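The structure appears right after this line, and notes come after that.
Remember, predicted model here, so these are calculated numbers, not experimental data.
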Amino acid sequence: MSEEQFIFHPDSEPIKDGKVTWRSPSNIALVKYWGKKANQIPANPSLSFTLNACATRTSLSYTQRKHYADDFSFDLYFEGSQKEDFKPKINTFFKRIAPYVPFIKDVHLTIETSNSFPHSSGIASSASGMSALALCLMDIERQMDTTMTLDFFHRKASFLARLGSGSACRSIEGDLVHWGSHEDTVGSSDLYGIKYPYTVHEVFKNYHDTILLVDKGQKQVSSTVGHDLMHAHPFAQNRFDQAHENLTKLKTILVEGNLPEFVKIVESEALTLHAMMMTSLPYFILMKPNTLAIINKIWAFRESSNTNVCFTLDAGANVHVLYPQNEHKVVYQFIKDELVVYCENGQYLCDRIGFGAKKINS
Ligand code: PMV
């Protein structure tokens with residue numbers, strides 16, 4: 001599918017006033033996206049677990065504008081209060097997506113949004129936030145184009161979300177989502193995420209992700225800057241090739257439920273992501289001493305308990321502890337006994353693999 005196919009149908013019904021609400025989850029990458037080309041095209045393909053508890057709920061009210069103007073008219077409320085400082089990001093998003101959803105210039109939009117996870121927890125809300133907004137917009141488009149298929153709805157929602165924040169395109173459908181052209185993944189595209197098209201072993205159903213909040217502060221280096229630094233990075237090409245290879249290896253691992261091999265790829269991906277940060281120019285480190293302390297504890301516990309607990313990292317210091325349902329009891333006890341002490345104010349979030357975004361009927 002090409003970008004042109006996402007251009008809005010000119011013969012659609014006129015827009016009416018209304019309100020739609022969606023709840024969209026966050027996601028955690030197993031194979032990481034790091035580095036991008038123009039127009040939010042990823043430099044390498046990625047694969048993620050969709051989360052369940054960490055989500056954004058967004059309502060979008062729309063009323064016809066009295067006078068047409070070539071700009072966007074919107075108000076933005078975050079957790080009940082007007083948020084002027086979020087508006088430039090949304091304005092940039094609207095500019096990027098306007099060729100595909102031109103009706104957004106015909107209406108005044110009121111965006112009311114809130115997260116299920118605490119603000120300033122160091123958990124990025126861009127994936128859940130941008131996907132929730134993209135889904136609201138697609139819901140409006142679907143009301144004007146009643147012939148739209150569900151497949152197209154999902155694909156275009158992912159396509160629009162990608163233009164807001166790359167990883168947001170992996171937050172539409174669960175439970176595993178692949179984004180980016182990959183020779184061994186049928187139907188994969190750089191333009192949108194797809195539900196993982198292969199069989200996945202039972203052991204990956206109900207997988208747990210306990211998110212340890214090591215540092216709740218603002219990151220020193222944004223993802224945008226980090227992605228950009230991959231342009232002149234001495235190891236970039238090898239890294240991009242490695243992501244392709246890891247996805248090919250995972251295909252068999254996911255079918256077989258081979259947890260020891262799963263652990264190796266997932267942890268290597270997390271550490272490679274941070275190694276790219278440490279070897280770019282300028283270089284930077286987002287891990288904190290407690291991130292490393294947790295990693296070492298996990299390695300020691302895995303060895304002594306014979307479990308398959310492992311970690312992954314986002315572009316930050318927090319640690320995602322991943323483990324299967326049948327190890328939940330023993331691993332969760334270990335987390336409480338030995339890892340929570342490294343969290344800021346002892347805070348952590350219990351999440352697990354989820355099944356994608358949901359429309360909320362008001
Ligand atoms: O979606 P962005 O531009 O915030 O980039 C996210 C990048 C990582 O979270 C570090 C990796 C990933 O694939 O989600």
Side-chain angles (χ1 to χ4, degrees), residues 27-34 44-52 170 174-178 182 184-185 196 198-212 214 239 241-276 287 290-340 342 348-354:
N27 69 75
I28 180 69
L30 305 172
V31 173
K32 307 290 180 182
Y33 145 62
W34 197 242
N44 67 262
S46 57
L47 180 72
S48 54
F49 271 166
T50 305
L51 295 184
N52 184 39
R170 297 188 312 236
D175 40 358
L176 269 98
V177 181
H178 176 108
H182 178 238
D184 287 332
T185 307
Y196 192 60
Y198 302 113
T199 312
V200 174
H201 192 277
E202 278 293 306
V203 77
F204 295 109
K205 311 267 181 245
N206 236 340
Y207 227 76
H208 289 261
D209 178 3
T210 304
I211 310 166
L212 305 179
V214 169
R239 160 60 199 150
D241 294 346
Q242 181 198 40
H244 281 262
E245 285 156 23
N246 280 344
L247 283 163
T248 300
K249 286 184 196 157
L250 268 177
K251 223 172 128 172
T252 319
I253 293 168
L254 290 172
V255 180
E256 291 175 348
N258 186 341
L259 290 179
E261 290 304 310
F262 175 79
V263 164
K264 277 188 211 160
I265 292 189
V266 169
E267 291 192 343
S268 161
E269 277 287 325
L271 294 178
T272 303
L273 168 70
H274 284 258
M276 290 300 110
M287 288 188 283
N290 281 355
T291 311
L292 293 177
I294 290 170
I295 291 174
N296 281 307
K297 282 274 181 188
I298 290 175
W299 285 343
F301 179 76
R302 187 163 71 227
E303 181 85 27
S304 66
S305 64
N306 226 347
T307 58
N308 295 286
V309 58
C310 74
F311 71 87
T312 189
L313 307 166
D314 247 339
N318 295 336
V319 182
H320 290 247
V321 187
L322 302 178
Y323 48 102
Q325 170 67 25
N326 59 6
E327 295 176 4
H328 173 254
K329 216 170 152 201
V330 52
V331 175
Y332 187 51
Q333 194 60 48
F334 154 68
I335 291 172
K336 286 190 289 188
D337 293 346
E338 295 192 45
L339 302 185
V340 169
Y342 298 107
Y348 61 98
L349 303 166
C350 291
D351 211 336
R352 57 169 71 196
I353 195 162

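Proximity of Val255 to Val200: side-chain heavy atoms (C-beta onward) are nowhere separated by under 4.5 Å.
Counting heavy atoms of neighbouring residues, nucleotides and ligands inside a 6.0 Å radius, atom CG of Asn306 does not exceed 12 of them.
Using the six-membered ring where Trp is involved, Tyr196 and Tyr198 have ring planes that are perpendicular, over 60° apart on the 30 and 60° scheme. The aromatic rings of His244 and His182 are tilted relative to each other, their planes meeting at an angle between 30° and 60°.
Checked against the 6.0 Å centroid criterion, the rings of Phe262 and Tyr207 qualify as a close aromatic pair.
Of the possible donor and acceptor atoms, none in the side chain of Glu267 sits under 3.5 Å from a partner among the backbone N and O of Cys310.
Tyr33 and Ser48 form no side-chain donor-acceptor contact under 3.5 Å, judged by distance and modelled atom types alone. Looking only at atom types and distance, the side chain of His201 has no donor-acceptor partner in the side chain of Glu256 under 3.5 Å away.
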Throw together a table of side-chain donor-acceptor distances under 3.5 angstrom for residues 290-297, partners on residues two or more places apart or in other chains.
unit_1	atom_1	unit_2	atom_2	d
Asn290	ND2	Tyr342	O	3.0
Thr291	OG1	Lys288	N	3.0
Thr291	OG1	Lys288	O	3.2
Thr291	OG1	Ala317	O	2.9
Asn296	ND2	Leu292	O	3.1
Lys297	NZ	Glu338	OE1	3.3

Return a table of donor-acceptor pairs under 3.5 angstrom between the side chains of residues 268-275 and protein atoms on other chains or two or more places apart.
unit_1	atom_1	unit_2	atom_2	d
Glu269	OE1	Lys32	N	2.9
Glu269	OE1	Arg239	NH1	3.3
Glu269	OE1	Arg239	NH2	2.8
Glu269	OE2	Arg239	NH1	3.0
Glu269	OE2	Asn246	ND2	2.7
Thr272	OG1	Ser268	O	2.6
His274	NE2	Asp314	O	2.9

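Between Glu202 and Lys205 no salt bridge is recorded (no basic side-chain N to carboxylate O distance below 4.0 Å).
Residues Thr50 and Asn27 approach most closely at CA-CB, 4.1 Å, considering heavy atoms.
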